[in-house]
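To find a chain, count down the sequence lines: A is the first, B the second, and so on, and within it residues start at 1. Bear in mind that the values here come from a model prediction, so they are computed numbers and not experimental data.
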Amino acid sequence: MLRLENLSLTQGVFTMTADMALPAGARLALIGPSGAGKSTLLNLIAGFTPPDQGRITWQGDDLTDAAPGARPVSILFQDNNHFPHLTVAQNVGLGLRPALKLTAAEAAEVDRALDQVGLAGMGTRKPGTLSGGQQSRAALARVLVQKKPIVLLDEPFAALGPALKGEMLDLVAEVLDQTGATLIMVSHQPEDARAIASHVSVVADRTITPPQETEALFTNPPQALRDYLGG
Amino acid sequence: MIRSWPVFLAAGLVLLCLIGPLIAVFHRAGEAGLTSLTFSAADGAALRFSLLQSVLSASLSVLLAIPVSRALARRRFRGRAALITLLGAPFILPVIVAVMGLLAVFGRNGLMSDLLGLFGLPPVQIYGLHGVVLAHVFFNLPLATRILLQAWQDIPAERFRLAATLRLHGWQSFRVLEAPMLMRALPGAWLVIFALCLSSFAVVLVLGGGPKATTLELAIYQAFRFDFDLARAAMLALVQTVLVGIVAIVALGQDSGQALGAGLDRVVQRWDASGVMARVLDALALVLATLFLVLPIAMLVWDGLWGIAQLPPQVWRALWVSLIVALSSTALCMALALPIALAAIRHPRIEGIGLIGIVSSPLVLGTGLFLIIHPFANPLKLAFVVTALVNALMALPFALRVLVPALREAEAGYGRLADALGLTGYARLRLLLLPRARRPLGFAAGLTAALSMGDLGVIALFADPNRATLPLQMYRLMSAYRVEAAAGAGLLLLASSLALFWIFDRGGRGHVEA
């Protein structure tokens with residue numbers, strides 16, 4: 001269970017608040033207008049921004065003061081998900097060992113992960129030589145080897161076309177099935193949420209609604225969601 | 001995430017080496033009793049000449065830079081990029097080499113005098129105020145041009161489009177668009193150059209001298225070398241430090257828009273400069289500026305080719321000494337710059353430590369170090385160590401200027417990813433920061449090596465007759481009127497400075513990467 005207990009964070013004139021619980025293994029989509037605080041929420045969970053108040057716990061352990069790298073969390077950003085000067089295999093290998101001194105078994109694991117996301121044989125290339133879709137696959141290969149119990153997606157596929165994005169979400173589902181990880185993803189499109197999420201929270205006006213089951217939410221949308229979707 | 005002891009070590013060492021000599025100078029001057037040490041008429045003349053030549057050099061450099069930078073800003077032509085690169089070259093050009101080149105063009109037996117002789121006119125007089133100002137303009141016209149070119153390009157292209165729709169022409173558009181920009185950019189550029197000329201040494205050593213053309217910096221050297229009057233040297237060093245310090249503080253308050261970086265390759269399309277007159281004037285400005293910069297160096301290379309066969313063995317020995325000094329200096333400078341730059345990512349004020357190096361002039365530092373070493377050892381035996389140290393400290397502010405933005409950019413772009421992956425300490429340095437800063441590291445190392453290779457400053461203070469760096473050896477040959485051998489040494493010095501810069505800079509570029 002991931003708990004956000006009375007979290008609050010003031011940035012400028014806005015104060016973001018969150019108080020919710022998400023069962024382990026759930027797949028949560030955060031939906032809502034730009035600037036409502038979706039990315040801020042991910043930054044809080046990933047540990048890039050410390051909250052002013054409140055606690056974050058995972059399976060009862062307090063994460064609030066842990067460094068980002070020490071949290072049970074892997075995250076994909078909108079861009080800059082790879083170090084451009086390292087090879088694809090090195091970028092994936094960083095998920096296993098930050099010092100990059102891999103054992104033979106670990107190197108083999110990197111190869112297997114690349115193979116699984118469809119990048120077999122591309123390990124020696126630099127990320128800049130890959131297409132956008134391939135870069136997303138490489139980033140997912142790292143999530144795969146990291147085996148962290150929580151995966152955060154801050155719209156990493158926003159720049160991809162609809163078909164490619166669908167492929168990536170399928171791949172994410174495959175990775176999650178394999179690792180059993182809990183997912184929290186930021187999304188603008190209800191269809192993305194429907195494709196992958198078991199739960200949806202609406203983020204609006206700097207606060208977040210408790211997770212609700214996806215179909216239930218869309219069949220009977222609350223006012224904040226109706227405002228966002230329009231019509 | 002970055003361990004703090006290397007930062008404290010580097011910052012402490014820099015502070016110690018910059019402040020320590022100043023304290024020694026203050027102490028010595030105070031010991032002699034400032035009141036008993038009268039500021040003689042000669043010292044007063046040195047102060048006045050320092051100010052006079054700096055005012056003239058800065059004003060001429062900036063004034064001449066206006067037409068040149070204007071032409072560069074609004075004309076597109078073949079070789080424009082090469083000319084802009086050339087404008088960066090004086091920064092790594094050994095001063096003594098340029099001075100010898102200027103002598104070959106403007107000296108008594110130079111090109112200009114020959115030309116004037118054809119018309120029955122007397123030869124040019126280069127020694128004294130003329131020569132000092134001429135050489136300072138040679139070095140600083142390019143700097144001023146780059147600063148102003150940057151300012152010119154900061155005028156948004158839309159303003160020129162607006163001016164075109166309003167049918168503003170020539171003088172009108174100059175008054176509306178360009179004059180306000182110049183009013184903002186000129187004072188900063190002028191002050192930077194004024195400060196540089198105030199603490200210039202090698203130029204005045206060769207072209208100045210005598211009661212009429214001695215600067216404070218040269219007076220320190222003379223008090224030291226000729227009279228071995230340490231108290232007087234210390235007193236002059238005190239005056240020089242206060243003077244340069246005041247100018248530097250004022251200059252730092254100005255935003256001079258340092259034109260060290262790239263981004264000068266954009267030409268804004270303009271509609272107000274198509275007249276024949278404007279074209280002719282721009283072409284004239286560019287041709288004259290190019291000739292002024294290229295001709296002296298071309299002359300030196302030509303003369304040097306003839307002289308290289310008759311180089312005495314001391315020159316070759318001096319070459320090796322200089323290479324070792326330059327490489328040690330580069331290693332030291334990088335070892336100091338890297339921890340300070342890493343700390344400056346989070347704490348920008350730390351970069352200020354390096355700036356103290358700009359305020360302290362090499363000869364003042366040298367005087368102070370001499371006073372510190374003197375009671376314990378023979379300073380002359382440590383000449384090369386002191387030279388390498390002072391060169392590293394002098395290059396440090398430039399190295400920081402180049403490194404800090406690159407490291408900051410690496411952290412801004414990839415810091416969160418590195419955090420999320422738990423990249424800390426040495427792994428972060430090895431896998432993120434060093435690879436991202438590789439190019440600026442190479443560039444900074446190249447600058448340091450070239451500056452150190454060509455430096456003729458503190459070594460002149462410390463060297464005994466049996467040892468010399470290449471620039472000092474070249475100066476000795478010039479002083480002995482062995483012009484051809486001096487030109488040969490000059491060519492050797494020029495080639496090795498440029499080669500050092502090229503090797504490091506190239507090494508930083510590596511193979512092509514994303």
Peer 1: Residues of residues 24-48 of chain A under 4.5 Å from chain B (heavy atom pairs)?
Peer 2: A:Asn43, A:Phe48

Peer 1: What part of A:Arg71 gets within 4.5 angstrom of chain B, counting heavy atoms only: side chain, backbone, both, or neither?
Peer 2: neither

Peer 1: Please determine whether the number of non-hydrogen atoms from other residues, nucleotides or ligands lying under 6.0 Å from atom CZ of B:Phe77 exceeds 12.
Peer 2: yes

Peer 1: Would one find more than 12 heavy atoms of other residues, nucleotides or ligands at under 6.0 Å from atom CD of A:Gln78?
Peer 2: yes

Peer 1: Non-hydrogen contacts under 4.5 angstrom with chain B: give the residues of residues 91-119 of chain A involved, or none if there are none.
Peer 2: A:Leu94, A:Gly95, A:Pro98, A:Ala99, A:Leu100, A:Lys101

Peer 1: Within a reach of under 6.0 Å around CD of A:Gln53, are more than 12 heavy atoms found that belong to other residues, nucleotides or ligands?
Peer 2: no

Peer 1: Show, in sequence, the C-alpha distance, side-chain angles and deciding distance for A:Gln90 and B:Leu431, and conclude whether the side-chain contact (heavy atoms from CB on, under 4.5 Å) test is met.
Peer 2: CA-CA 10 Å; A:Gln90 284 177 316; B:Leu431 295 172; 5.6 Å; no

Peer 1: Of the non-hydrogen atoms in A:Phe83 and B:Leu432, which two are nearest, and what is the gap between them?
Peer 2: CE2-CD1, 3.5 Å

Peer 1: Is the count of non-hydrogen atoms from other residues, nucleotides or ligands lying under 6.0 Å from A:Arg125 atom CZ greater than 12?
Peer 2: yes

Peer 1: Considering only heavy atoms from C-beta outward, does the side chain of A:Asn81 approach that of B:Tyr414 to under 4.5 Å?
Peer 2: no

Peer 1: Suppose we screen for side-chain contact (heavy atoms from CB on, under 4.5 Å). Which residues come up paired with A:Phe14, at least two apart in sequence or across chains?
Peer 2: A:Arg206

Peer 1: Ignoring hydrogens, what is the shortest heavy-atom contact between A:Gln146 and B:Ala420? Give both atom names and the distance.
Peer 2: NE2-O, 4.5 Å

Peer 1: Under a 4.5 Å heavy-atom cut-off, does chain A meet the side chain of B:Ala410, its backbone, both or neither?
Peer 2: neither

Peer 1: Take atom CZ of B:Arg408 as the centre, draw a 6.0 Å sphere, and report whether it contains more than 12 heavy atoms from other residues, nucleotides or ligands.
Peer 2: yes

Peer 1: Compile the donor-acceptor pairs under 3.5 Å between side chains in residues 83-92 of chain B and protein atoms, sequence neighbours left out, one pair per line.
Peer 2:
unit_1	atom_1	unit_2	atom_2	d
B:Thr85	OG1	B:Ala81	O	2.9

Peer 1: Measuring only between side-chain heavy atoms, which start at C-beta, is B:Arg416 closer than 4.5 Å to A:Asn80?
Peer 2: no

